[in-house]
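Step one of this worksheet: look at the structure below.
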Amino acid sequence: SNAFDQGGKVIVTCAITGAIHTPSMTPYLPITPDEIAKEAIDATNAGASILHLHARNPETGQPDQSPEGFSQFLPRIKHSTDAVINITTGGSPYMSVEERVRPAATYQPELASLNMGSMNFGLYPLLSKYKSFKHDWEREHLEGSRDLVFRNSFKDIEYVLETCYGNGTRFEFECYDTSHLYNLAHFADRGLVKAPFFVQSVFGLLGGIGPHPDDVMHMKRTADRLFGDDYRWSVLGAGSNQFRIATQAADMGGNVRVGLEDSIWIGKGELAISNAAQVLKMRSIVEGLGFSVATPNEAREILSLKG
Ligand SMILES: C[C@H](N)CC(=O)CC(=O)O
Ligand SMILES: [Zn+2]
């Protein structure tokens, strides 16, 4: 189903910092717990109802998937907002699934991301855009992706499901291609995932499906055929495709994801100064289409979350 069936409500997810972009790419990437907490609270006040969260090393900005790393900002966010907390199990594509699932297993959030297939994860083309980096790990992070496989085997996916389902945690199913939709259908056939499925279709990440409007239509048509009314569709566009992809989907009643995890831009060649700036731009597009942004409780209703 989509906004047309959701009372004209569009769920805006904001992915605050992620594990793809690095500190030398933009001065606005939240790194420290204070920055992550403030950005998350501001994004919620701007209209986001779901916060997709990663942690980072406050000194170097390196992805940090330790429960301790998350403990530095989670309580403040929970205290200051009623946003739906969505903890990553993707972490950084260089991490093992055991390491990646620990924060979600520890904090038992309403939502956790679940990547629905293994894939090449091409970040190295970004190298040509930056002459120098503050930290050595940044260049290694990008260069290493030439030979990187983001591993999400059927066994890995089962492991995350088994680890989290008992906690009432539901999933943001990250689907980077139609094969990932079929993998989700496979787990649905096995009764290992419960409807409604929150499908986060990812466009324009090198190694996954492209950012062309036909790609968006193809993923939506495939999801409609495989899941009918049993899914809630959402999209994210990587990099400079973010707003074009989100607008196309919102026009079709789709839910959307923005945030500095997915793109550091607010417009052509213009850096976003905050996550809230992207949420506000997305909100004006959603309202311009005659829809309205869902509140956290409306999102809980639409996604059947444990609350
Ligand atoms: C393209 C996004 N970085 C996908 C993502 O958010 C993965 C996760 O955290 O599990
Ligand atoms: Zn993520």
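We count ligands from 1, going down the list as the structure has it; atoms in each ligand are counted the same way.
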Looking at Arg300, Lys306, Arg170, which hits side chain to side chain donor-acceptor pair (under 3.5 Å) with Glu110? Arg300
Please list every donor-acceptor pair under 3.5 Å in which a side-chain atom of residues 189-198 meets a protein atom from a residue at least two apart or in another chain.
from	atom 1	to	atom 2	distance (Å)
Arg190	NH1	Glu158	OE2	2.9
Arg190	NH1	His186	NE2	3.3
Arg190	NH2	Glu158	OE2	3.2

N/O of Asp262 under 3.5 Å from N/O of ligand 1, yes or no? no
Identify the protein heavy atom lying closest to atom 10 (O) of ligand 1, giving its residue, its atom name and the separation to 0.1 Å. Ser113 OG, 2.7 Å
Just jot down the ligand 1 atoms closer than 4.0 angstrom to any heavy atom of His54, in number order. 9 (O)
Under 3.5 Å between any N/O of His52 and any N/O of ligand 1: does that happen in this structure? yes
In terms of ring plane angle, is the pair Phe70 and Phe73 parallel, tilted or perpendicular, where the classes change at 30° and 60°? tilted
Return all protein N, O or S atoms below 2.8 Å from the Zn ion (ligand 2), chain by chain in residue order. His52 NE2, His54 NE2, Glu261 OE2
Would you call Glu172 and Arg257 a salt bridge, taking side-chain N to carboxylate O under 4.0 Å as the test? yes
May I ask you to decide if the ring planes of Phe173 and Phe171 are parallel, tilted or perpendicular, using 30° and 60° as cut-offs? tilted
So, does Thr13 use its side chain to make a donor-acceptor pair with the main chain of Ile50 at under 3.5 Å? no
Numbered in order shown, the ligand 1 atoms found under 4.0 Å of a heavy atom of Leu205 are 1 (C)
Nearest neighbour in protein (non-hydrogen) for atom 4 (C) of ligand 1: Tyr176 OH, 3.2 Å
Below 4.5 Å, heavy atoms only, C-beta onward: do Lys9 and Glu301 meet side chain to side chain? no
Checking heavy atoms under 4.0 Å, the part of Ile20 that sits near ligand 1 is side chain
Is the closest side-chain heavy-atom distance between Phe227 and Leu181 below 4.5 Å? yes
With a 4.5 Å limit on heavy-atom distance, are the side chains of Trp265 and Thr26 in contact? no
Just by modelled atom types, is the Leu260 backbone N or O under 3.5 Å from a matching donor or acceptor in the Asn275 side chain? yes
Closest protein heavy atom (residue, atom, distance) for atom 6 (O) of ligand 1: Glu261 OE2, 2.7 Å
Could you tell me which atoms of ligand 1, counted from 1 in the order shown, lie closer than 4.0 angstrom to a heavy atom of Thr88? 8 (C), 9 (O), 10 (O)
Give the numbers and elements of all ligand 1 atoms closer than 4.0 Å to a heavy atom of Gly90. 8 (C), 10 (O)
Residue-level breakdown please: for Arg257 versus ligand 1, do any non-hydrogen atoms fall below 4.0 Å on the side chain, on the backbone, on both, or on neither? side chain
Can Lys220 and Asp224 be counted as an ion pair, charged N to O under 4.0 angstrom? yes
